[in-house]
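Structure, as structure tokens:
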Amino acid sequence: MTGSGLSLWVALGTALAAVLLASMVLILPWLRLRRIRLQIEGRYLEAVADFHAQKAPPTAARVIAQISGESARRLLRGMTVDRQPAGPACWPARGWLRYDQDQRERPVVADTFSIPGVWWAQIRRVRLRYLGWIDEMHEVEEGSVSSGYWWLGVWRIHHPAARSSELALRAQALGEAVLTPWVWFAGQGIEWEDLDDGRTRVGRIRPGGLGIRLQLDNLDRPIHLELRDDARGERVRLEYEGWNWSDTGLRPRRMRLIEAPGTVNAFTRLELQLGIVQWAPAAAGPPSR
């Protein structure tokens, strides 16, 4: 073999090795992201299967009947239908999201998975103006919050400006329970005060001691749900808009997440328009848009 031929093979081998190395650098982080997404979807589908397996799956009406307090039961009956299942649910949403110190409204699509009163997860894709997108994955379970952020679905990022606070995610998980409102009174460890007084319901979450405030309008529809961390001096509010009646009960069309509401530092983090809620046993997979 001549020197020029050997040099050509060396060059080709080097180029192939570089391509394989680059592929590994890209594929391995992508596989990790995919594994996390599959874990979320798999947990939801497992819950759906367990719900299917029950001979008499619980309905919202049956759960509500076991909740103490006539005013609470009246509120919940006004928001649900008798045959509404009290099992896992998933729903899509789209809207916009802001990162810290930035007023730009970035388009976002989200898939939410819920085991009411037990677990909430949301997968988001946030479109950036010039640099592609960021995939976000969040889970809330028994007060524990976990999150991950991946640029282009490959590289994990840790910049604090791109992160939602744990209180904001807990408030969103609890606030989106407006679609399964019985969990506010059963399954979340909330100790409510003065349940029979007025349009404001105040309570505290145990354990942890976070304060919670549910504000109702004159028609007993939630206006907003607010979560408060007195130790840190933080508050987050989830506001509801566009109430309408569907075949699964009363539900808002839009939700808005606000950090530090009512102060000069108020910051609207997220606004989402909800899609169709899919309930088990009818739901057999991730939500469709």
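These numbers come from the heavy atoms of this one structure, side chains and all, not from hydrogens, waters or symmetry mates.
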When rounded to the nearest 0.5 angstrom, what is the spacing between [atom1] in [X] and [atom2] in [Y]?
X: Arg253; Y: Glu241; atom1: CZ; atom2: CD; result: 10.0 Å
X: Ile212; Y: Arg170; atom1: CD1; atom2: CZ; result: 10.0 Å
X: Phe267; Y: Arg98; atom1: CZ; atom2: CZ; result: 6.5 Å
X: Leu227; Y: Leu174; atom1: CG; atom2: CG; result: 6.5 Å
X: Thr263; Y: Ile258; atom1: OG1; atom2: CD1; result: 10.5 Å
X: Ile67; Y: Trp184; atom1: CD1; atom2: CH2; result: 11.5 Å

side-chain hydrogen bond (donor to acceptor under 3.5 Å, both in side chains) partner of Glu226, the single match among Arg213, Arg237, Gln215:
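Option passing the side-chain hydrogen bond (donor to acceptor under 3.5 Å, both in side chains) with Glu226: Arg237.
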Listed by chain and number, what are the side-chain contact (heavy atoms from CB on, under 4.5 Å) partners of Ala168, not counting sequence neighbours?
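With sequence neighbours excluded, Ala168 shows a side-chain contact (heavy atoms from CB on, under 4.5 Å) to Ser165, Val236, Leu257, Glu259, given in chain and number order.
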What's the verdict on side chain to side chain contact (heavy atoms under 4.5 Å, CB included) for Arg251 and Asn244, showing C-alpha distance, side-chain angles and the deciding distance?
CA-CA 6 Å; Arg251 48 170 291 176; Asn244 61 86; 4.1 Å; yes
Answer yes or no: is there a side-chain heavy-atom contact under 4.5 Å between [X] and [Y]?
X: Phe185; Y: Arg201; result: yes
X: His224; Y: Pro261; result: no
X: His138; Y: Tyr149; result: yes
X: Val109; Y: Pro92; result: no
X: Asp247; Y: Val81; result: no

Under the ring-ring contact (aromatic ring centres under 6.0 Å, His included) rule, what pairs show up with a residue in residues 227-254, not counting sequence neighbours?
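Counting only pairs at least two positions apart or across chains, the ring-ring contact (aromatic ring centres under 6.0 Å, His included) contacts touching residues 227-254 are Tyr240-Trp243.
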List the atom of [X], the atom of [Y], and the distance in Å for their closest heavy-atom pair.
X: Ala177; Y: Val183; value: CB-CG2, 3.4 Å
X: Gly211; Y: Arg204; value: N-NH1, 3.8 Å
X: Ala86; Y: Trp182; value: CA-CZ2, 3.6 Å
X: Gly87; Y: Phe51; value: CA-CE1, 3.4 Å
X: Asn265; Y: Ala260; value: O-CB, 3.9 Å
X: Pro88; Y: Tyr44; value: CB-CE1, 3.7 Å

Membership question, hydrophobic clusters at under 4.5 Å side-chain separation (ILVMFWY): are [Y] and [X] in the same one?
X: Val140; Y: Ile40; answer: no
X: Leu272; Y: Leu167; answer: yes
X: Leu75; Y: Val63; answer: yes
X: Val277; Y: Leu274; answer: yes
X: Ile64; Y: Trp192; answer: yes

Sequence-distant partners of [X], salt bridge (charged side-chain N to carboxylate O under 4.0 Å, His left out), two or more places apart:
X: Glu141; value: Arg43
X: Arg106; value: Asp102
X: Arg127; value: none
X: Arg83; value: none

Side-chain polar contacts of residues 116-126 - donor-acceptor pairs under 3.5 angstrom, sequence neighbours left out - could you list them?
| residue | atom | partner | partner atom | Å |
| --- | --- | --- | --- | --- |
| Trp119 | NE1 | Glu139 | OE1 | 2.9 |
| Trp120 | NE1 | Glu176 | OE1 | 3.2 |
| Gln122 | OE1 | Arg124 | NE | 2.8 |
| Gln122 | OE1 | Arg124 | NH2 | 3.4 |
| Gln122 | OE1 | Gln172 | NE2 | 3.0 |
| Gln122 | NE2 | Thr112 | OG1 | 2.8 |
| Arg124 | NH1 | Glu136 | OE1 | 2.9 |
| Arg124 | NH2 | Gln172 | OE1 | 2.7 |
| Arg125 | NE | Asp135 | OD1 | 2.7 |
| Arg125 | NH2 | Asp135 | OD1 | 3.3 |
| Arg125 | NH2 | Asp135 | OD2 | 3.0 |

Stepwise side chain to side chain contact (heavy atoms under 4.5 Å, CB included) check, Val48 with Phe113
CA-CA 11 Å; Val48 170; Phe113 304 85; over 6 Å; no
Taking side chain to side chain donor-acceptor pair (under 3.5 Å) as the definition, give me every residue that meets it alongside [X], ordered by chain and number, with sequence neighbours left out.
X: Glu239; value: Arg256
X: Arg228; value: Asp230
X: Ser246; value: Thr248
X: Asp217; value: Arg221

Could I get the full list of ring-ring contact (aromatic ring centres under 6.0 Å, His included) partners for Trp96, not counting sequence neighbours?
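Counting only residues at least two positions away or on another chain, Trp96 forms no ring-ring contact (aromatic ring centres under 6.0 Å, His included).
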Counting N and O atoms only, with roles assigned by atom type, does the side chain of Trp91 sit under 3.5 Å from a partner on the main chain of Ser114, one being a donor and the other an acceptor?
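It does not hold such a pair.
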Stepwise salt bridge (Lys or Arg N to Asp or Glu O under 4.0 Å) check, Arg199 with Asp220:
CA-CA 7 Å; Arg199 304 299 179 191; Asp220 273 351; 2.4 Å; yes
Go through Met255 and Val178 one step at a time and tell me if the side chain to side chain contact (heavy atoms under 4.5 Å, CB included) criterion holds.
CA-CA 10 Å; Met255 295 187 291; Val178 70; 4.2 Å; yes
I'd like to know whether CD of Glu105 has more than 12 heavy-atom contacts from other residues, nucleotides or ligands below 6.0 angstrom.
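Buried by this count: over 12 neighbours within 6.0 Å.
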